[in-house]
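Please read the structure below before turning to the comments.
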Amino acid sequence: MPELPEVETIVRGLAGKVVGETISRVEVRLPRIALAPPRVDFAAAVTGERIVGVHRRGKYAVLELASGASLVTGLRMTGRLVVAANARHELPGTHVVLHFKGGRRLGFSDVRTFGRMRLVGSNEAWDEKLGVEPLSSYFTPEAFIGMLSGRTTPVKALLLDQRRIAGIGNIYACEALWEARIRPSRPSGRLTKPAAHRLRRAIVDVLERAIEMRGTSIDDYVDADGLQGGFQNNLSVYGKQGRPCPRCGAGIVRTVLAQRGTWWCRGCQK
DNA sequence: CCGTTGCCCTGCCAGC
DNA sequence: TGCTGGCAGGGCAACG
């Protein structure tokens, strides 16, 4: 499931492959995947556009187009964006294909069809609901403490809320809470100041380390070259129920919190 | 505003 | 072996 580090890795890979390319043809095989403003036809509007930049916002990959419009792709759980030289390497469940002049192509695939590729106009504030970028200078201890204070929501649910911090998903929420030695169910407002500082630091640390390892490949994620990441070998608690905690040796448990599987250590997360 | 619930969808796998 | 029911989960709409 692509979270911030996986989307960052995809975007870095795409930058060297698609910037400067002109989209000569667009295939939309599953129309509900490709969204556009009212009365705008996705394929017609995108055809002829040139890609002038690529960036990430939260868990979204954004292709910047020469007209000022953007193609915003949300990968959800199983979505993939992969550049290929030809049709031979096409992934199963490819729903949208951007063909470039010269023959290469960018395919968007998603077996579960939860992901979306959306064309947004230059003035469309598509990301106004998204919270702070955790790897930006705006994610200060003060900003984080402000989010936590007075709230009864379990701190893990707050980490997953994209309106507050953009880009953290289940894997990195679990890992950051373990690193900060904080119990996932702890009410946000009950974190001590040192705990809040530890957690902010842990979020930044775990995201940066995961980007260094090119993301976590549990079952579906691959980068823009179709290659797996390496952070799955560095996970401490995610998916590790029954295994010993790498820090204190107690057994890692799996509970359900905010409808999500939650892995943590009863021994050292308080 | 805030928090919760249900829905979308298919691959996988435990259990029979 | 073959089937099936339940689970996985990010974002969004609807609701209280």
Side-chain angles (χ1 to χ4, degrees), chain A residues 1-11 29-38 56-62 71-81 91-96 108-120 124-134 146-177 184-190 203 207 210 215-222 228 232 235 237-242 253-264:
Chain A
M1 352 156 183
E3 307 178 24
L4 187 154
E6 291 75 34
V7 180
E8 182 66 29
T9 304
I10 290 167
V11 160
R29 299 174 190 165
L30 187 57
R32 66 185 154 85
I33 298 286
L35 308 176
R56 179 194 57 74
R57 174 79 172 98
K59 301 176 193 175
Y60 296 88
V62 183
L71 271 179
V72 179
T73 303
L75 298 162
R76 299 289 189 96
M77 265 84 69
T78 52
R80 309 178 183 191
L81 279 172
L91 292 167
T94 297
H95 306 305
V96 181
F108 174 60
S109 75
D110 187 356
V111 286
R112 260 141 127 174
T113 73
F114 273 15
R116 294 289 182 270
M117 189 177 252
R118 190 150 81 95
L119 175 65
V120 299
E124 211 175 320
W126 67 272
D127 68 340
E128 62 186 351
K129 296 256 175 69
L130 288 180
V132 65
E133 283 291 328
M147 290 177 206
L148 297 167
S149 72
R151 296 187 194 285
T152 55
T153 315
V155 62
K156 189 196 173 202
L158 185 134
L159 297 187
L160 293 173
D161 186 345
Q162 303 300 299
R163 295 171 302 177
R164 308 203 181 280
I165 306 170
I168 302 173
N170 206 24
I171 295 174
Y172 300 109
C174 290
E175 292 294 311
L177 287 162
S185 60
R186 179 110 69 94
S188 303
R190 294 275 185 78
I203 289 166
L207 294 175
T216 302
S217 291
I218 301 281
D219 34 34
D220 290 288
Y221 159 72
V222 291
Q228 299 208 322
Q232 61 276 11
L235 296 173
V237 287
Y238 184 85
K240 309 267 183 194
Q241 67 269 34
V253 296
R254 179 189 182 276
T255 56
V256 175
L257 204 156
Q259 278 89 256
R260 311 241 183 275
T262 300
W263 289 266
W264 57 288

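Chain naming here is simple, since letters A, B, ... match the order of the sequence lines and numbering starts at 1 in each.
Distance, A:Q241 CD to B:dA14 P: 12 Å, rounded to whole Å. Distance, A:L91 CG to B:dG11 P: 14 Å, rounded to whole Å. The nearest whole Å value for the distance from the NE2 atom in A:H95 to the C1' atom in B:dT10 is 10 Å. Between the CH2 atom of A:W263 and the C1' atom of C:dC7 there is a distance of 11 Å, given to the nearest Å. Computed from coordinates, the A:M77 CE to C:dG10 C1' distance equals 6 Å when rounded to whole Å. The CG atom of A:D110 sits 16 Å away from the P atom of B:dC8 (whole-angstrom rounding). Rounded to whole Å, the distance from CG on A:D161 to P on B:dC2 is 10 Å. When the P atom of B:dG3 is taken as reference, atom CG of A:L158 falls 8 Å away, rounded to whole Å.
Residue A:R32 is in sugar-phosphate contact alone, with no base atom involved, counting any heavy-atom pair closer than 4.0 Å across all strands shown. In this structure, A:R118 reaches neither bases nor backbone, as no heavy-atom distance under 4.0 Å exists between it and the strands shown. Residue A:T153 is in sugar-phosphate contact alone, with no base atom involved, counting any heavy-atom pair closer than 4.0 Å across all strands shown. Within 4.0 Å of A:Y238, counting heavy atoms only, lie sugar-phosphate atoms of the nucleic acid but no base atom. Note on A:G261: only backbone sugar-phosphate atoms sit closer than 4.0 angstrom, heavy atoms only; bases stay farther off.
Listed candidates were C:dG11, B:dC8, C:dA8. Nearest to the side chain of A:R254 is C:dA8. Side chain of A:R112, nearest nucleotide from C:dG10, C:dG11, B:dT10: B:dT10. Distance from the side chain of A:R151 is smallest for B:dG3 among the nucleotides C:dC12, B:dG3, C:dG10. Of the candidates B:dG3, B:dC9, C:dG11, B:dG3 carries the atom nearest the A:R164 side chain, counting heavy atoms from C-beta on.
There is a side-chain donor-acceptor pair under 3.5 Å between A:T216 and A:Y172. With hydrogens and angles left out, the side-chain atoms of A:T152 and A:R190 include no donor and acceptor closer than 3.5 Å. In this structure, a donor-acceptor pair under 3.5 Å is absent between the side chains of A:S185 and A:K156.
We find the CH2-CG distance between A:W126 and A:L35 to be 13.0 Å, quoted to the nearest 0.5 Å.
A side-chain hydrogen bond (donor to acceptor under 3.5 Å, both in side chains) with A:D110 is found for one member of A:T94, A:T73, A:T78 and no other, namely A:T78.
OP1 or OP2 of C:dG10 sits under 4.0 Å from a side-chain N or O of A:R260. Between A:Q259 and B:dT4 there is no side-chain N or O to OP1 or OP2 distance below 4.0 Å. Close to C:dC12, at under 4.0 Å from its OP1 or OP2, lies no side-chain N or O of A:K129.
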